[in-house]
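Structure first, commentary second.
Note that these values count all heavy atoms, side chains included, but never hydrogens, waters or copies made by symmetry. Here is how names work: the chains are called A, B, and so on, in the same order as the sequence lines, proteins then strands, and each is numbered from 1.
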Protein chains: 2
Amino acid sequence: MRIAEPTVERLVLYYRLLMQLHNEERRVVSSQEIGELLGLKASQVRKDLSYFGEIGKRGVGYHVDRLYQHISGILSPNRLWKIALVGVGRLGEALLGHKALRSDKFRIEALFDSDSNKAGTVICGVPCYNSDDMTEVIKEKGIEVLILTVPANAAQTSVDKAVAAGTLRGILTFATSAISVPDDVLVYRVDISVELEKLLFFLKSGLK
Amino acid sequence: MRIAEPTVERLVLYYRLLMQLHNEERRVVSSQEIGELLGLKASQVRKDLSYFGEIGKRGVGYHVDRLYQHISGILSPNRLWKIALVGVGRLGEALLGHKALRSDKFRIEALFDSDSNKAGTVICGVPCYNSDDMTEVIKEKGIEVLILTVPANAAQTSVDKAVAAGTLRGILTFATSAISVPDDVLVYRVDISVELEKLLFFLKSGLK
DNA sequence: TTTTGTGAAGTTTTTCACAGCG
DNA sequence: CGCTGTGAAAAACTTCACAAAA
């Protein structure tokens, strides 16, 4: 069955929360409580979890460790993804050091930057290559996912070089520009100004 | 009429695109073309724009500059928002220098960090204060929006101090932790690991 | 003729409400 | 009895399809 994107998004939130509850030695938690902690309706929580089988106990709730393992199994890939980060500017470097990019699900195997002073160096333990060599390095290393932190005007060029390697399957882009990719490459976007604009819009229009 | 969040999100994309088209001296653009450039259906574009009155010309399309001005009017706040950034780590600093935080809609008026070496300094032209003084400084300056780039475990404390000032209306948080705020404070979240997890999940499950 | 603007239809996502199990 | 799991209802959002304007 196809799982909806909003559900996957919340699964990650459940996963984090359960990790925390586990650390607090909590044994059991109800959909009601999960909902309160994450700002969701209890029925939403139950519906999400029900897509993956009956995991709770009626009259009791969800066993924290069991649910944690369960969601972990749903979210985990069957292998280690190989990732490259393109654009080692301030944002790129900040992300490299950021908790979000530490995971046992993937490894950052290469950095790319158009600044030839950066090429050849090792940053946060990851070798940096010149952007000109992107196609070959990505192909050679079998990189499947790109994290794009280049300026908007460099985004499409970078993507084209990466796609040319033939190994690419997904892109997480922080660039504001629209990028075009083959149908079989999945793109997710993190757009800081869009989020800020939305916040200000709804603040202006007298609240949510 | 209440405008839906997905619509506001796309308005920002239209706005950006129109700016670009304007620079390319394009005079007129159709919903069809906007859709192609942004990966949206033409009917979606027309529906979004129709919420704000009849702005296009049938048989012709949308006049680039006119539509740009129009959307600008919808998105613009009626005043300059005062923003503070909390947590001047790598991510915080990267954002400070980032294009997303340059705008004539708001101004970053204060930074806060728990590191007392940073307090008293001026970073990217913005004075940095000690987090302990957050409540007073926010109140004094009339800060209405917070950008939160602190570690998860510091998020709630920071928020509480900011809320105590009584001037806060919205928060854009990069922290992974759930935060609780009064009902009248609007929270938007930019969650890098969630986006990456979603990407990997849908890659794993054999594409979108 | 071309392309908008828009009700109506369709799809997706959330919420309700309650049967059913522990 | 308490709380899950889940069809069914509701709400939110997108797409269709066509009348109407330029």
Inset, instruction - Just call it for A:Thr7: base, sugar-phosphate, or nothing, with non-hydrogen atoms closer than 4.0 Å on any strand. - result: nothing

Inset, instruction - Would you mind checking if A:Arg79 and A:Glu144 are paired as a salt bridge, meaning a charged N to carboxylate O distance below 4.0 Å? - result: yes

Inset, instruction - Using a strict cut-off of less than 4.0 Å between a Lys/Arg side-chain nitrogen and an Asp/Glu carboxylate oxygen, indicate whether B:Lys139 and B:Glu136 qualify as a salt bridge. - result: no

Legend entry - Contact pattern, 5' to 3', of nucleotides 16-22 of chain D - B, S or - by protein heavy atom under 4.0 Å: BB-BBBS

Legend entry - Salt bridge flag under 4.0 Å for residues A:Arg26 and A:Glu33: yes

Legend entry - D:dG2 phosphate, OP1 or OP2, under 4.0 Å from A:Tyr62 side-chain N/O: no

Inset, instruction - Find the distance A:Ile34:CD1 to D:dC3:P and express it as a whole number of Å. - result: 13 Å

Inset, instruction - Would you classify B:Ile55 as touching base, sugar-phosphate or nothing, given that sugar-phosphate means primed atoms plus P, OP1 and OP2, and contacts are heavy atoms under 4.0 Å? - result: sugar-phosphate

Legend entry - Residues that A:Ser31 engages under side chain to side chain donor-acceptor pair (under 3.5 Å), provided they are two or more places apart: A:Arg46

Legend entry - Among B:Leu67, B:Leu49, B:Ile74, B:Leu75, the one residue meeting side-chain contact (heavy atoms from CB on, under 4.5 Å) with B:Tyr14: B:Leu49

Inset, instruction - Walk along DNA chain C from 5' to 3' and tell me the first and last nucleotide with an atom closer than 4.0 Å to a non-hydrogen atom of chain B. - result: C:dT2 to C:dA8

Inset, instruction - Tell me, with the steps shown, if A:Asp65 and A:Gln69 meet side chain to side chain donor-acceptor pair (under 3.5 Å). - result: CA-CA 6 Å; A:Asp65 289 4; A:Gln69 290 303 326; over 6 Å; no

